[in-house]
Amino acid sequence: MKIKHILFFLITFLFTACSIKPLEPVQFETVNKEISFIKDIKPILDNRCVSCHSCYNSPCQLKLSSFEGIERGGSKADIYANRLRADNPTRLFIDATSEKEWREKGFFSVVDFLEDSNESIMMQYLFQKQTNPLNIGEYSPETDKLSCVKNKDELGKYFDENPHKGMPYGFPALKKEEYNLLMTWLKQGAIDDTKKDKITNFEKKQIEKFEEFLNNKNIKHQVTSRYIYEHLFLAHISFDEKSGNFFELIRSTTPTNQEPKIIATRFPYDKVEEPFYYRFKKIESTIVHKTHMVYKLDDKKLERYNELFIKPIWDQKPYLPPYDSKISANALRTFEQIPASSRYQFLLDDIHYIIMTFIRGPVCKGQIALNVIQDHFWVMFMDPKYDLSLQDKYFLHNNIPNLSIPNEYGEDPSLYKTFKALDNYELAKKYHKNRGSIYNQHYPNGLNIDAIWKGNKKEQNDSILTIYRHFDSASVHKGALGDIPKTLWVIDFPLLERIYYSLVAGFDIFGNTAHQLLVRTHMDRLRIEGESNFLEFLPKDSRINYFNSWYIGWLAQYLTVYTPSNNNVDIKYETKDFKKEFVNKVLDYTNNKRDSINFIEDDYKRSEIKEFYNTKQEIEESFKTLTLPNSSELIKHFNGEKSNVAFIKIELNSGQNLVYSMVVNRWHNNVALLFDEKSRLDPTKDRINFVEGFIGSYPNLFMVVKQNDLDEFFNLLQNYNSSEDDKKILKYAINRAHPNFWEVFDWFDKEFKKYDSLEYGLFDLNRYLSQAINE
């Protein structure tokens, strides 16, 4: 019997192995010239490949944004998988620095020739697309089951089952000249000719100044440098806007004037045993928008650092704080010796960057983390003069035990620690009670509108920031965009610092599931704290009703712990719509303009769609009408998780073009629960925002509309019928199989670069509308 079983399995194995169709030899026209990676190949990769292959969400972890990423190759490991134990990090440029080291970590080459072949995996994928150029069905690189093939058998099996899934995946094939160039370069051995560290003399001088400051051995400087580094380790630092260069701040084994060599640690606050130096290392990868967080350094900033940190007398005699993670994960405790006012002002000076690190960061995909926030809300900040964590030197010190964050358990917390932290609401309650009490003592009449920070320089427009969530990504924007949001936050110094250390400095994408669960649930409490701070500006009798309206459902109200104060408010309200009245007061006080398209005034009257549009104002008036509740039938039909942001190009008869982002704001009955998000959506309350320019990093759709077709386009948005209007919408929507897809993508890309060259980065196409339609 056993022999029969063995024979059966052998025959089955042989039959299966023989059934795999052999790979067809690749074909291309050899380009007879010396090919440069930088001049010839990198532009092709940037324009056609990097939009999907540049971050942790890159299929198979294959990053094509630098030669080092190409050399590293791919991996079968899923970074976003649930795991009982933390994984070893695989950060490009950090956790390994040679091809040999990456092979030891399980990465396989995509450019080396396959066994018994003179062709590589990358060559075969490109050839497969040329052979089968049609896109058929649906494509979702982040969620499709990609086999991440690493040998001929796996590749043959994959193409046998998926003949239309060559590269570029789910988009039109490369042009013949691009294809031939890339294939010739791969055939010649994929040679790199990148010249590293091409920086200007001005940048070199600026770097020397800042490295001298950061590596000063004076204890005050050492503590300051550590604080600055822990807040800038993700920054794309610009010394000279004209150069186009960006740098990262690292801890290096080598001093100034030597090549920077990064020291790999999981967290920026991890201890380094060997002597190290703070250094600036040029970023060699292609800049992609989803991880591009710009921070400017110049002489004024250096002077500001001295003014904030070095010149003031500190609250305690300067000392070197420990690197014990139970302490260093919470900056309120680690850096208590630095005046809190200096730390808060440091954060406020570049508040758009700081908030952007929460929202954008390096994670690239985070639906579980992002379903902790509403789809649209505004963030304001406590004015330092009113923030009692700064003004009362005992309050913050005495409450530090109540302000712990679960990140102190590291990347691999045990189940015991996880449940202990999840169940610990008492510290949060105690802090809110103490906060309410001290604010009542200092401000017995309550807070007034002056307690809201008015921002930095007037032109920065950063006193109010707008957050848009786009399912599993989000974006942050200066100013008050949209209509009055469902919720608002007011952030003070303790909240700002804890959010940063929980979501940014202390978050590990390679951590175990318990670590990520702790961060998600802790963010629930921090969100409630921001909302609670806002409610303190409304009459006390209205607070619970407002809060309960944001958390509909018995389970949501059971899980959310709100500790309202009994404090008064020193704002005179004349209506019963307190939130609306407060918003209008704060917009006037902070000199924030109301959104001309999306903000709906009391006396607004909707406009009818015109037969012809002559001016930009008329176009935006129709956009405004479509932002009203239940004014667009389109979003009722396209309500999936990949229907969040569309970029619209309007081609005017004059030859000029207008660009708008259409942002869909989904209504959540609550954001208190981790799973089953769909059950908490209410499509009847969804709204659209139309914003001039670009919103987000992940466009789900490009649309192109001619001026003479605006009446039909607006009617489709307003009265869309899925059965009758599918073909009409295709006239404007550029689906992934559209023959001119790449031309349209290139146009939006170049337009964005003209729109904001400093903040520019390549958009990500991993979440483009999945359906391929071949007309």
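- Between F493 and Y344, the two ring planes are tilted [angle within 30° to 60°].
- Classified by interplanar angle (parallel below 30°, tilted 30° to 60°, perpendicular above 60°), the ring pair H236/H292 is tilted.
- A salt bridge between K478 and D462 is absent, with no side-chain N of the basic residue lying under 4.0 Å from a carboxylate O of the acidic one.
- For the residue pair E203/T200, the side-chain donor-acceptor check at 3.5 Å is satisfied.
- Listed by chain and residue number, nothing satisfies the salt bridge (Lys or Arg N to Asp or Glu O under 4.0 Å) test with K204 (two or more places apart in sequence, or in another chain).
- Side-chain atoms of Q206 and K209 include a donor-acceptor pair closer than 3.5 Å.
- Y305 and F346 have tilted rings, their planes meeting at an angle from 30° to 60° on a 0 to 90° scale.
- A donor-acceptor distance shorter than 3.5 angstrom exists from the side chain of R226 to the backbone of P321, with no hydrogens or angles considered.
- We find that D46 and K42 are joined by a salt bridge, their nearest charged nitrogen and carboxylate oxygen being less than 4.0 Å apart.
- Using the six-membered ring where Trp is involved, F210 and F239 have ring planes that are tilted, between 30° and 60° apart.
- Atoms CD and CD1, on Q516 and I509 in that order, are 5.0 Å from each other to the nearest 0.5 Å.
- Ion pairing between a basic and an acidic side chain is recognised when a charged N comes within 4.0 Å of a carboxylate O; D472 and R767 show such pairing.
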Please list every donor-acceptor pair under 3.5 Å in which a side-chain atom of residues 58-71 meets a protein atom from a residue at least two apart or in another chain.
unit_1	atom_1	unit_2	atom_2	d
S58	OG	S54	N	2.6
S58	OG	C55	N	2.8
S58	OG	C55	O	2.7
Q61	OE1	T90	OG1	3.1
Q61	NE2	A77	O	3.1
S66	OG	G69	N	3.1
E68	OE2	K196	NZ	2.4

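- Using a 30° and 60° split on the angle between ring planes, Y278 and Y229 fall in the tilted class, from 30° to 60°.
- In terms of the ring-ring contact (aromatic ring centres under 6.0 Å, His included) criterion, residue partners of H221 (sequence neighbours excluded) are, by chain and number, F213.
- In this pair, F267 and Y269 present their aromatic rings parallel. The plane angle is below 30°, not in the 30 to 60° band.
- The main-chain N or O of Y323 is never found under 3.5 Å from a side-chain atom of K271 such that the two would form a donor-acceptor pair.
- Residue pairs meeting the salt bridge (Lys or Arg N to Asp or Glu O under 4.0 Å) criterion with at least one member in residues 233-245, sequence neighbours excluded: E241-K296.
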Show me the donor-acceptor pairs within less than 3.5 Å that the side chains of residues 255-263 make with the rest of the protein, sequence neighbours left out.
unit_1	atom_1	unit_2	atom_2	d
T256	OG1	E211	OE1	2.6

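- Looking at D87 and R83, a side-chain N of the basic residue comes within less than 4.0 Å of a carboxylate O on the acidic one, giving a salt bridge.
- No donor-acceptor contact under 3.5 angstrom links the side chains of S51 and D764, judged on distance only.
- Nearest heavy atom pair, residue V294 against residue F246, reads CG2-CE2, 4.1 Å.
- Note that the OG atom of S475 and the NE2 atom of H470 stand 3.0 Å from one another [nearest 0.5 Å].
- Every pair passing salt bridge (Lys or Arg N to Asp or Glu O under 4.0 Å) that includes a residue from residues 333-350 is listed here, sequence neighbours excluded: K301-D350, R304-D349.
- Using a cut-off of 4.0 Å between Lys/Arg side-chain N and Asp/Glu carboxylate O, E99 and R103 are scored as salt-bridged.
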